[in-house]
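Worksheet: one structure, shown below.
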Amino acid sequence: MKDQTNQPIPQGKYKVAVRHQNLIYTSGMTPRVSGELKYAGIIQSKDPLENYKAALELATKNALIAAKSCLEEHEEIKFIPQLNVFLNAEPGFKDHAKLGNYASDEIIRQLGQQAIGSRAAIGVSSLPGNACVEITLIAAVIEK
């Protein structure tokens, strides 16, 4: 039985995650709770990076929850072959990788060090709803 507790709510015409064989692809997950955006705005170079930690953790948790909604009872996720971290950053921002580490750390907390795969941290000029971050990932499914 799939747990629908705290399941991300789509903000448009899409599914939060889809599965093809043993891979699950998530849609972009922003730092929302019950559909409400909790962290918005442009990432500023002058701000301490720690200011954005909670937003990255929440968006990453949402992506993992979405991915887990595609699992059967006898399955689990142990590896994230691809993690994409989109940052609504001001021009000239340079610490994309450091902010991306907050997302990687959340993956490690939930799935273990072995779960880390490749990652991209990408600065963009805007995100849906003016979210400060958005996460997508690919998850590999294995039998328990």
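Contact check on E57 versus R109 returns a salt bridge, with a Lys/Arg side-chain nitrogen under 4.0 Å from an Asp/Glu carboxylate oxygen. Under 4.0 Å is where a charged nitrogen must lie from a carboxylate oxygen, and between E75 and R19 at least one such pair does.
Note that CG of N88 is 7.5 Å distant from OG of S125, once rounded to the nearest 0.5 Å. Considering CD1 of I107 and CG of N101, their distance stands at 12.5 Å, rounded to 0.5 Å. In this structure, the separation between CD on E76 and CD1 on I142 is 4.5 Å, given to the nearest 0.5 Å. From C132, atom SG reaches atom OH of Y39 across 8.5 Å, with rounding to the nearest 0.5 Å. Atom CD1 of I116 sits about 9.0 Å away from atom CD of Q114, to the nearest 0.5 Å. To the nearest 0.5 Å, atoms CD1 (I138) and CG (L83) are separated by 10.0 Å.
Under a 3.5 Å cut-off, the side chain of R119 and the backbone N or O of A97 do form a donor-acceptor pair. Of the possible polar contacts, none joining the D95 side chain to the L49 backbone as a donor-acceptor pair under 3.5 Å is found. With hydrogens and angles ignored, the 3.5 Å screen pairs a side-chain donor or acceptor of S27 with a backbone N or O of K15. With hydrogens and angles ignored, the 3.5 Å screen pairs no side-chain donor or acceptor of E106 with any backbone N or O of L58.
In terms of heavy-atom proximity, C70 sits nearest to I24 at CB-CD1, 3.6 Å. The nearest pair of heavy atoms linking H96 to L87 is CA-CD1, 3.7 Å. The heavy-atom pair separating A140 from P81 by the smallest distance is N-CD, 3.9 Å. Heavy-atom minimum distance, I135 versus A103: CD1-CB, 3.9 Å. Closest of all the heavy-atom pairs between I80 and A139 is CD1-CB, 3.8 Å. Here the closest heavy-atom approach between residue A63 and residue L137 is recorded as CB-CD2, 3.7 Å.
Only one option out of L56, V133, V85 pairs with L99 in a side chain to side chain contact (heavy atoms under 4.5 Å, CB included); it is L56.
The environment of NE2 in H74 is crowded: more than 12 heavy-atom neighbours from other residues, nucleotides or ligands sit within 6.0 Å.
The shortest distance between side-chain heavy atoms of Q110 and K61 falls below 4.5 Å.
A donor and an acceptor atom, one from each side chain of T30 and E134, are nowhere located under 3.5 Å apart.
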**OP:** Assess whether side chain to side chain contact (heavy atoms under 4.5 Å, CB included) is satisfied between I77 and L71, documenting all intermediate values.
**Re:** CA-CA 8 Å; I77 296 168; L71 294 175; 4.0 Å; yes
Subject >> side chain to side chain contact (heavy atoms under 4.5 Å, CB included) between E90 and S45, worked out >> reply: CA-CA 7 Å; E90 71 178 354; S45 297; 2.8 Å; yes
